[in-house]
Amino acid sequence: MSAAFRAPKGTFDLLPPESELWLHVREVMAAPLRRAGYGYVETPVFEETALFERGVGESTDVVTKEMYSFVTRGDDHVTLRPEGTAGVVRATVQHRLHAGQLPVKLWYAGSFFRYERPQAGRYRHFSQVGAEALGVDDPALDAEIVSLAVHAYADLGLRQVQLMLNSLGDAVCRPVYREQLQAFLRALDLDEETRRRVEINPLRVLDDKRPEVQAQVSGAPVVGEFLCDACRDHYDAVRRHLGDLGVQWVEAPRLVRGLDYYTRTTFEFTHDGLGAQSAVGGGGRYDGLSEDVGGPPMPGVGWALGVDRTVLAMRAEGVRWAAASRCDVFAVPLGDEAKSRLLVLVDDLRRQGVAADLAFGDRGLKGAMKAADRSGARLALVVGDRDLEAGAAQLKDLVTGDQVQVPLDAIVTTIKERLT
RNA sequence: GUGGGUGUAGCUCAGCAGGUAGAGCACCGGGUUGUGGUCCCGGGUGUCGCGGGUUCAAGUCCCGUCACUCACCCCA
């Protein structure tokens with residue numbers, strides 16, 4: 001209770017056995033990506049601050065008040081990554097991956113950081129799995145990447161994830177919409193902070209959850225009505241492909257996202273069981289991002305799925321998942337001589353692919369057997385002085401309770417047979 | 001940054017007219033010095049978040065503070 005140190009605010013320690021679920025979620029999210037030709041990429045956990053300022057956008061809340069930024073001993077201005085796309089785009093440009101075959105398909109998993117007030121499903125340190133497809137603006141690629149996320153959620157056993165879909169237009173049509181929206185919003189009765197947002201980032205106002213704001217905003221123009229022909233064609237194609245893929249979605253004409261780089265296709269995966277934070281994942285197309293951060297023209301589309309929130313969603317749905325048994329054989333030594341022998345035997349078993357553990361710490365037989373039981377092992381191997389003299393071990397099936405004596409030199413093969 | 005709720009054992013929580021800190025689960029040991037699960041017995045593992053105040057006496061009442069938590073803002 002009065003521990004000297006605690007995990008910092010907004011962070012948490014992941015401990016066994018629960019931590020297995022996080023590994024499981026990451027694996028299941030990554031599996032469809034790997035099958036679809038996405039390559040694993042790791043980029044630094046921190047980047048130059050300017051990358052995020054220019055990539056994510058100076059007007060976003062993420063950049064203005066949520067970044068973990070600091071100056072290093074060498075006077076470098078760096079920031080713990082608040083999201084993954086900017087870093088991946090930076091790496092793609094730096095290493096000229098787009099000079100090769102397109103699209104460049106990449107996936108990643110890791111930690112991200114935002115200095116926010118924590119609440120259910122929102123942490124200062126959080127975990128995401130992300131995917132990006134760069135260098136091609138084919139609407140079929142938008143559809144592919146969305147469907148890969150849909151598969152990931154389905155493979156995890158989630159049934160209540162909803163896909164919200166919208167198109168935000170591009171550099172041609174969005175400014176027109178933005179002006180119209182601002183004109184509408186300026187006429188409303190809003191608090192000072194929201195008025196400021198109207199000038200800086202008007203699309204975000206549509207996302208305000210406060211009822212008094214929602215009521216006023218309900219008649220606002222929607223971006224869909226302002227799409228230029230190219231954006232409309234692109235969006236129509238995305239929806240057609242998604243339909244072909246059997247993906248279900250909800251049209252969300254007022255869906256906007258908190259990062260400035262999104263263009264055209266924009267989507268969010270939502271779930272009702274998380275409290276106030278309903279988004280379990282999200283993404284979209286970002287055709288201008290590369291140029292924003294000083295790179296060549298390079299369209300892209302991607303998403304990030306929140307690992308922590310996905311776990312919350314699984315709990316909310318009561319999804320059951322089978323944790324792999326941690327132990328097949330549990331060895332119980334009686335005496336020092338037996339312990340020396342079993343330590344080596346357990347090592348042998350492990351090298352041959354058998355999950356094995358040993359009762360450490362001079363526990364009594366009863367306690368050691370209890371530990372064997374708790375380990376989940378199917379077999380217990382009991383060896384004492386009596387057995388050593390006989391050159392044998394007692395092999396007990398912990399499910400049936402049957403016990404047989406096995407010669408020590410046959411023990412590994414016998415165990416391997418019994419476990420198959 | 002703003003607002004609400006909660007702080008007692010590892011976990012979930014009880015203790016509320018102010019009077020020697022409790023239960024269940026978990027954990028450890030024993031019953032059975034060579035055998036687990038069920039059963040029985042034993043063991044409390046604690047700065048009652050912290051500081052101050054009222055009182056003969058504070059887990060309990062008052063003030064402050066910190067932490068956690070939920071919600072707004074925002075987002076994964």
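A, B, ... follow the sequence lines: proteins, then strands. Residue 1 opens every chain.
Checking M369(A) against K9(A), the closest nucleotide of RNA chain B that is more toward the 5' end is the one next to M369(A). Nucleotides of RNA chain B nearest to T11(A) and D207(A) differ in position, and the one nearer the 5' end is that of T11(A).
Nucleotides U60(B) and G19(B), compared at atom P, are 11 Å apart to the nearest Å. Taking atom P in both A71(B) and G59(B), one finds a spacing of 34 Å when rounded to whole Å. Across the P atoms, A26(B) and C39(B) are found 10 Å apart, a figure rounded to whole Å. Taking atom C1' in both U8(B) and A67(B), the straight-line distance is 15 Å, to the nearest Å. G43(B) and U2(B): their C1' atoms are spaced 49 Å apart (whole Å). The same atom, P, is picked in A9(B) and in G5(B); the two are 22 Å apart, to the nearest Å. When the C1' atom is compared between U45(B) and A21(B), the two are found 14 Å apart, to the nearest whole Å. Comparing the C1' positions of G46(B) and C41(B) gives a spacing of 24 Å, expressed to the nearest Å.
Pair assignment for C61(B) gives G53(B), based on Watson-Crick or G-U wobble hydrogen-bonding distances that are each under 3.5 Å. Using Watson-Crick or G-U wobble geometry with both donor-acceptor distances under 3.5 Å, U20(B) finds no partner in any strand shown. With both pairing distances under 3.5 Å, G42(B) is matched to C28(B) as a Watson-Crick or G-U wobble pair. Nucleotide C72(B): paired with G1(B) (Watson-Crick or G-U wobble, both distances less than 3.5 Å). Shown here, A67(B) forms a base pair with U6(B); the pair counts as Watson-Crick or G-U wobble because both key distances fall under 3.5 Å. Using Watson-Crick or G-U wobble geometry with both donor-acceptor distances under 3.5 Å, G34(B) finds no partner in any strand shown.
Within the nucleic acid shown, D208(A) comes within 4.0 Å of sugar-phosphate atoms alone, with no base atom in reach, counting heavy atoms only. Looking at heavy-atom distances under 4.0 Å, A372(A) makes no contact with the nucleic acid at all. Counting non-hydrogen atoms under 4.0 angstrom, G384(A) reaches a base of the nucleic acid. Residue G364(A) is out of contact with every strand shown, counting any heavy-atom pair closer than 4.0 Å. Among the heavy atoms of the strands lying under 4.0 Å from L259(A) are primed sugar atoms or P, OP1, OP2 only; no base atom is included.
Look at F112(A) and the base of A76(B); the rings do not stack under the cut-offs of 5.5 Å between centres and 30° between planes.
Listed candidates were G34(B), G36(B), U69(B). Nearest to the side chain of V382(A) is G34(B). Of the candidates A76(B), A67(B), U35(B), the closest approach to any side-chain atom of R6(A) belongs to A67(B). The side chain of K396(A) has U35(B) as its nearest neighbour among C74(B), U35(B), C70(B). Checking C70(B), C28(B), U35(B) against every side-chain atom of R374(A), the shortest atom distance belongs to C28(B). Nearest to the side-chain atoms of Q128(A) among the listed nucleotides C68(B), A71(B), A76(B) stands A76(B). When each of G37(B), A76(B), G29(B) is scored by its nearest atom to the side-chain atoms of D373(A), the top-ranked nucleotide is G37(B). Counting only heavy atoms from C-beta on, R386(A) has its side chain closest to G34(B) among C74(B), C70(B), G34(B). Side chain of R363(A), nearest nucleotide from G34(B), C28(B), U35(B): C28(B). Relative to the side chain of K370(A), the nucleotides C74(B), C70(B), G36(B) differ in distance, and G36(B) lies closest.
Q394(A) and D387(A) are linked by a side-chain donor-acceptor pair at a separation below 3.5 angstrom, with hydrogens and angles left out of the test. Judged by distance alone, the side chains of T263(A) and D170(A) never bring a donor and an acceptor atom under 3.5 Å apart. For W249(A) and E251(A), the side-chain atoms include at least one donor-acceptor pair closer than 3.5 Å. Side-chain contact of D260(A) with S59(A): a donor-acceptor pair under 3.5 Å is present, judged by distance alone. Looking at Y177(A) and E179(A), their side chains never bring a donor and an acceptor atom within 3.5 Å of each other. For the residue pair H234(A) and D137(A), no side-chain donor N or O sits within less than 3.5 Å of a side-chain acceptor on the partner.
Remark: R418(A) engages D397(A) in a salt bridge, criterion side-chain N to carboxylate O under 4.0 Å. Note on R197(A) versus D61(A): salt bridge recorded, some NZ/NE/NH1/NH2 to OD/OE distance being below 4.0 Å.
Residue Q119(A) contributes atom CD, which lies 15 Å from atom P of G1(B) at whole-angstrom precision. As rounded to whole Å, 14 Å separates atom P of G36(B) from atom CD of Q394(A). Put simply, NZ on K366(A) is 14 Å from P on C41(B), counting in whole angstrom units. Computed from coordinates, the R196(A) CZ to C74(B) P distance equals 13 Å when rounded to whole Å. The CD-P distance, from Q162(A) to A76(B), rounds to 17 Å in whole Å. The separation between Y123(A) atom OH and A71(B) atom C1' is 15 Å, rounded to whole Å. Residue L365(A) contributes atom CG, which lies 7 Å from atom P of G36(B) at whole-angstrom precision. Note: CG (L312(A)) to P (A76(B)) measures 15 Å, nearest angstrom.
Taking 4.0 angstrom as the limit, R117(A) places none of its side-chain polar atoms (N or O) nearer than this to OP1 or OP2 of C70(B).
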